[in-house]
Amino acid sequence: MPATPHLVFPGLGGIYRGLAPVTEPFIRVVAGGSLAVHGYPILFGNIGAAAKFLESTGFENGLFWAYVVGAVEFVCGLFLAIGFLTRVVAVPIIGFLAVAIVTYHWQFGFAWENRGIEYPLFWSIVVLHFLVRGGGAWSLDAMIGREV
């Protein structure tokens, strides 16, 4: 294993050590919260608009898929944010993001500014981390003492 590099500014070591325990839960909360914020208006707002969009991208029965997308984003996003069934909810989130990449974003290339794969790919990798590592010490899974 490689040696730990020495800090250029050793005085920052205390700050880094102090923040280290909160960075992973912060990322989990932001990732899950962002998904939930995207899913909320689908489920509780204009489901018809989401259904129409999904049909325009080639999905048959857009209303069904709008409910699926809304539920994955909102429910799984909330569960990810609080770290409940973290690994379980990571699977449909990654699946949803992979489908979004392949069926819609791929045609626009990489850059998110052009609706490309950058944003869903980034969040897929973030959620993959929680699939592999679980919710972490500051999760509901850890409080319950059970994890898949």
Side-chain angles (χ1 to χ4, degrees), residues 1-47 49-51 53-54 57 59 62 64-148:
M1 183 181 319
T4 303
H6 296 286
L7 292 175
V8 174
F9 301 105
L12 294 175
I15 295 170
Y16 298 150
R17 283 187 298 280
L19 290 174
V22 300
T23 56
E24 186 178 57
F26 185 62
I27 293 167
R28 181 176 39 75
V29 168
V30 170
S34 295
L35 280 165
V37 166
H38 280 266
Y40 183 87
I42 294 172
L43 286 181
F44 305 109
N46 192 349
I47 192 89
F53 170 75
L54 288 164
T57 63
F59 286 87
F64 168 79
W65 289 111
Y67 278 111
V68 169
V69 168
V72 167
E73 288 186 334
F74 184 69
V75 176
C76 295
L78 282 178
F79 280 24
L80 179 65
I82 64 174
F84 180 61
L85 300 173
T86 306
R87 287 186 166 116
V88 173
V89 300
V91 173
I93 293 170
I94 293 169
F96 154 70
L97 290 167
V99 168
I101 288 168
V102 171
T103 63
Y104 181 72
H105 295 283
W106 192 264
Q107 66 187 319
F108 301 111
F110 181 77
W112 176 243
E113 294 83 10
N114 298 325
R115 295 182 289 183
I117 68 168
E118 180 180 11
Y119 187 78
L121 177 63
F122 172 78
W123 286 115
S124 297
I125 299 304
V126 168
V127 176
L128 177 64
H129 168 85
F130 294 104
L131 173 63
V132 173
R133 302 275 308 229
W138 292 14
S139 67
L140 197 53
D141 292 337
M143 289 175 64
I144 293 168
R146 298 274 184 214
E147 201 169 31
V148 175

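- Across all their heavy atoms, Ala81 and Gly33 have their closest contact at CB-N, 3.8 Å.
- The line from CG of Leu121 to CZ of Phe110 is 6.5 Å long, rounded to the nearest 0.5 Å.
- Residues Trp138 and Arg28 share a closest heavy-atom pair of O-NH2, 2.5 Å.
- Inter-residue side-chain proximity for Trp123 and Leu35 is flagged as unmet; no heavy-atom pair is nearer than 4.5 Å.
- Annotation: side chain of Val69 is not in contact with side chain of Phe53 (no heavy-atom distance under 4.5 Å).
- Inter-residue side-chain proximity for Glu118 and Glu113 is flagged as met; some heavy-atom pair is nearer than 4.5 Å.
- Taking each heavy atom of Val126 and Ala31 in turn, the nearest pair found is CG1-CB, 4.0 Å.
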| said: Before you tell me yes or no, could you show the steps for Phe59 and Val99 under side chain to side chain contact (heavy atoms under 4.5 Å, CB included), namely the whole-Å CA-CA distance, both residues' side-chain angles and the distance that decides it to 0.1 Å? | reply: CA-CA 11 Å; Phe59 286 87; Val99 168; 3.8 Å; yes
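- Counting all heavy atoms, side chain and backbone alike, Asn114 lies closest to Phe108 at O-CB, 3.0 Å.
- Partners of Val91 by side chain to side chain contact (heavy atoms under 4.5 Å, CB included), not counting sequence neighbours, listed by chain and number: Leu131.
- For residues 15-42, every residue pair satisfying the ring pair (Phe, Tyr, Trp, His ring centres under 6.0 Å) rule, not counting sequence neighbours, is listed here: Tyr40-Phe44, Tyr40-Phe74.
- Taken to the nearest 0.5 Å, the SG atom of Cys76 stands 10.5 Å off from the CZ atom of Phe96.
- Phe130 places a side-chain heavy atom less than 4.5 Å from the side chain of Ile27.
- Counting only residues at least two apart or on different chains, the side-chain hydrogen bond (donor to acceptor under 3.5 Å, both in side chains) pairs with a member in residues 81-93 are Thr86-Asp141, Arg87-Glu147.
- Annotation for Pro120 and His105: closest pair CG-CD2, 3.7 Å, computed over non-hydrogen atoms.
- Residues Ile42 and Ile47 come closest through the heavy atom pair O-CD1, 3.1 Å.
- Separation of atoms OG (Ser139) and CZ (Arg133) is listed at 12.0 Å; rounding is to 0.5 Å.
- For OH of Tyr104, the number of neighbouring non-hydrogen atoms (other residues, nucleotides, ligands) closer than 6.0 Å is greater than 12.
- Put simply, the residue from Ile117, Leu97, Ile93 that forms a side chain to side chain contact (heavy atoms under 4.5 Å, CB included) with Ser124 is Leu97.
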